[in-house]
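Data block below; observations after.
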Amino acid sequence: MATCAVYTTPSLHSCSITIPAKTSSGFHRRQVIVFTSKRITERGGRRTSEVSCSAEEAKTVVIGLAADSGCGKSTFMRRLTSVFGGAAEPPKGGNPDSNTLISDTTTVICLDDYHSLDRTGRKEKGVTALDPRANNFDLMFEQVKALKHGVAVDKPIYNHVTGLLDPPELIRPPKILVIEGLHPMFDPRVRQLLDFSIYLDISNEVKFAWKIQRDMAERGHSLESIKASIEARKPDFDAYIDPQKQHADAVIEVLPTQLIPGDNEGKVLRVRLIMKEGLQHFSPVYLFDEGSTISWIPCGRKLTCSYPGINFAYGPDTYYSNEVSVLEMDGQFDRLDELIYVESHLSNLSTKFYGEVTQQLLKHSDFPGSNNGTGLFQTIVGLKIRDLYEQIVAERAAAVAEAAKV
Amino acid sequence: MQAVTMATTACGVRLSTQGAVFVKAELVRPRQTHARLLLPLLDHGVRRPRRTVLVANAQSTPPDISERVSESIKKAEEACAEDAVAGECAAAWDEVEELSAAASHARDKLKADSDPLENYCKDNPETDECRTYDN
């Protein structure tokens with residue numbers, strides 16, 4: 001009989017495994033019969049309670065995504081959930097300002113919900129949201145662990161409009177849990193729970209250009225205020241958020257292009273996908289020959305590109321004393337045939353059919369970054385995560401079969 | 001007289017008949033030239049086609065969030081001008097950043113929600129109006 005390890009806290013005393021109601025995702029579902037038996041043993045003052053469940057362990061795959069500026073990584077999220085099938089929507093019937101996104105297979109939690117101080121509290125203490133003092137890492141660890149082991153939780157809601165902490169909402173354990181926010185890899189305990197982690201590293205110039213595009217139309221904002229806002233947050237960002245990139249399994253680095261000298265518009269981008277080597281369920285994407293150093297310009301006789309063209313590079317490297325492989329793209333796609341041409345030359349993409357990357361990019365051609373490396377690498381990472389998920393599920397199924405035999 | 005050019009990009013355009021804002025609308029051609037200088041308030045009793053006042057709010061942020069953003073910017077500038085504690089200044093600009101992000105999300109949401117047919121079809125794809133045929 002498979003044993004479910006359930007993290008017990010004074011507030012959680014029972015094991016419950018809930019299965020989402022919609023079954024249109026095509027994943028094989030089995031009825032889970034929960035048999036709970038409580039044995040409370042006291043050892044040296046610590047109370048432990050064991051819960052045994054029959055049938056499969058409903059364990060979730062947890063992905064962490066780190067980047068700046070709240071939960072504005074929704075483009076990445078939408079691409080990711082699209083790879084798994086289905087659109088991610090805020091929970092129906094709940095708080096309209098909820099930050100959570102739910103689809104058939106995936107639930108995305110915004111880590112801003114674990115703020116221990118609301119906006120007024122932070123102002124009083126003179127602390128930014130980037131500061132760990134403004135976040136409740138104990139609760140974050142507790143709830144992510146509970147969800148990972150198949151226990152539903154009541155997660156608080158941080159309302160970005162009012163700046164207050166709203167009453168909690170119920171989150172049921174999904175197949176894939178994505179935690180996105182400023183500090184997914186900050187706390188070592190939470191880091192241990194992650195099956196895969198991604199860091200979105202936007203360089204200062206590109207960040208500035210994007211924020212200008214976003215805020216200039218806003219009444220009240222000016223170039224100076226945007227600049228001041230970035231400058232004021234920089235110390236906390238460099239101290240608390242940036243160091244997380246050394247722990248990430250994949251880093252998507254966005255830099256200004258090298259193809260257009262003196263470009264500061266941030267429209268054409270140079271994007272680098274830095275992938276950690278030696279991970280169990282993740283095999284890095286490569287170009288032509290794994291482990292070698294390649295520089296590739298696809299535009300030539302077979303493919304004509306318009307200005308400024310596309311440049312690719314691939315090679316091994318070290319990143320914060322980790323062995324990595326780096327795949328880099330500079331420039332932008334203009335046409336469908338450029339996309340498919342590039343895709344046909346990349347290897348280890350974990351696609352299920354030829355042209356899947358192109359199809360995913362075209363499906364969401366209205367999303368920002370769909371014509372450059374950001375969209376391409378986000379899609380590729382999404383496919384890699386799907387592959388990782390399937391490997392983990394297969395492993396677990398094999399383990400259960402083994403246990404049943406014995 | 002303020003002239004607001006209609007934004008050529010896909011911006012939300014609000015039609016409002018505000019008394020205080022008098023805008024030369026490209027769609028409606030005013031008949032009397034001298035009347036352009038008069039505020040609509042003075043038009044009471046005079047038979048004239050009602051003017052359509054177009055206020056092109058670029059990217060149409062909901063007004064309450066827009067208010068909060070401008071307020072927070074003012075507060076942040078004050079907080080940093082005094083140069084009280086570095087923490088307060090950073091916290092104030094962090095608030096500006098948070099609100100600007102919320103405003104940007106609200107804009108995107110408005111754009112996404114702008115087509116009622118799309119919204120209906122998202123929830124009811126099997127109805128006749130929403131059926132799509134791939135081949």
Side-chain angles (χ1 to χ4, degrees), chain A residues 68-75 87 89-90 92 96-97 99 112 115 117 119-131 133-134 158-163 182 207 210-211 213-222 224-237 366-368, chain B residues 7 9-12 55-109 111-113 118-119 121-123 125-126:
Chain A
D68 190 12
S69 190
C71 300
K73 297 158 276 304
S74 28
T75 315
E89 303 283 335
K92 287 189 167 54
D97 289 320
N99 304 306
D112 284 354
H115 280 329
L117 300 168
R119 208 176 280 157
T120 2
R122 273 179 273 146
K123 248 204 289 209
E124 281 168 18
K125 291 221 168 133
V127 175
T128 62
L130 308 159
D131 197 312
R133 286 175 288 168
Y158 177 75
N159 191 318
H160 283 99
V161 178
T162 60
L182 295 162
K207 199 182 280 192
W210 283 359
K211 294 213 167 154
Q213 281 170 31
R214 184 190 75 180
D215 293 335
M216 270 310 257
E218 196 63 51
R219 198 167 38 101
H221 258 304
S222 62
E224 292 79 29
S225 66
I226 297 173
K227 213 163 173 209
S229 172
I230 297 179
E231 294 295 323
R233 297 172 83 241
K234 211 164 179 307
D236 275 355
F237 183 80
D366 54 325
F367 287 3
Chain B
T9 52
C11 295
V55 178
N57 197 349
Q59 292 169 16
S60 51
T61 321
D64 55 334
I65 300 184
S66 213
E67 285 268 332
R68 285 179 201 251
V69 173
S70 1
E71 264 178 48
S72 67
I73 295 174
K74 279 198 214 102
K75 272 193 258 176
E77 284 169 350
E78 284 166 21
C80 296
E82 295 159 27
D83 211 314
V85 190
E88 278 180 26
C89 182
W93 281 118
D94 188 43
E95 190 182 325
V96 171
E97 168 58 41
E98 200 185 325
L99 284 166
S100 308
S104 156
H105 288 318
R107 277 197 293 268
D108 290 339
K109 201 159 175 286
K111 244 193 288 185
D113 286 345
E118 280 300 320
N119 291 338
C121 288
K122 229 188 322 178
D123 294 327
E126 71 287 351

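All values reported here derive from a predicted model rather than from experimental measurement. Worth knowing before you read on, the calculation uses all heavy atoms, side chains too, and leaves out hydrogens, waters and symmetry mates.
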Please round to the nearest 0.5 Å and tell me the distance separating atom CG of B:L99 and atom CG of A:D215. 10.5 Å
A:H221 side, atom NE2; B:S72 side, atom OG - distance, nearest 0.5 Å: 7.0 Å
Measuring from atom CD1 of A:I226 to atom CH2 of B:W93, what distance do you get when rounded to the nearest 0.5 angstrom? 9.5 Å
Shorter than 4.5 Å, heavy atoms on both sides: which option in A:G220, A:G126, A:P235, A:G163 has the most such pairs with chain B? A:G126
Heavy-atom distances under 4.5 Å only: say whether A:E124 touches chain B with side chain, backbone, both or neither. neither
If you measure from CD1 on A:I230 to CD on B:E97, what distance do you get to the nearest 0.5 Å? 7.5 Å
Working to the nearest 0.5 Å, report the span between OG of A:S229 and CD1 of B:I73. 8.5 Å
Audit row: A:R122, B:E88, salt bridge (charged side-chain N to carboxylate O under 4.0 Å, His left out) steps and yes/no: CA-CA 9 Å; A:R122 273 179 273 146; B:E88 278 180 26; over 6 Å; no
Measure distances from B:A91 to the heavy atoms of chain A and classify the residue's part below 4.5 Å as side chain, backbone, both or neither. both
After noting the C-alpha distance and the side-chain angles of A:H160 and B:H105, does the key distance pass the side chain to side chain contact (heavy atoms under 4.5 Å, CB included) rule? CA-CA 10 Å; A:H160 283 99; B:H105 288 318; over 6 Å; no
More than 12 heavy atoms of other groups within 6.0 Å of A:K207 NZ: yes
Using non-hydrogen atoms and a 4.5 Å limit, figure out which bit of B:A92 sits close to chain A: side chain, backbone, both or neither. neither
Answer yes or no: is there a donor N or O on one side and an acceptor on the other, between the side chain of B:R68 and the main chain of A:V161, under 3.5 Å? yes
Nearest non-hydrogen partners of B:A90 and A:A232, listed with the distance: CB-O, 3.7 Å
Within the side chain of A:R119, is there an N or O that forms a donor-acceptor pair under 3.5 Å with the backbone of B:E98? no
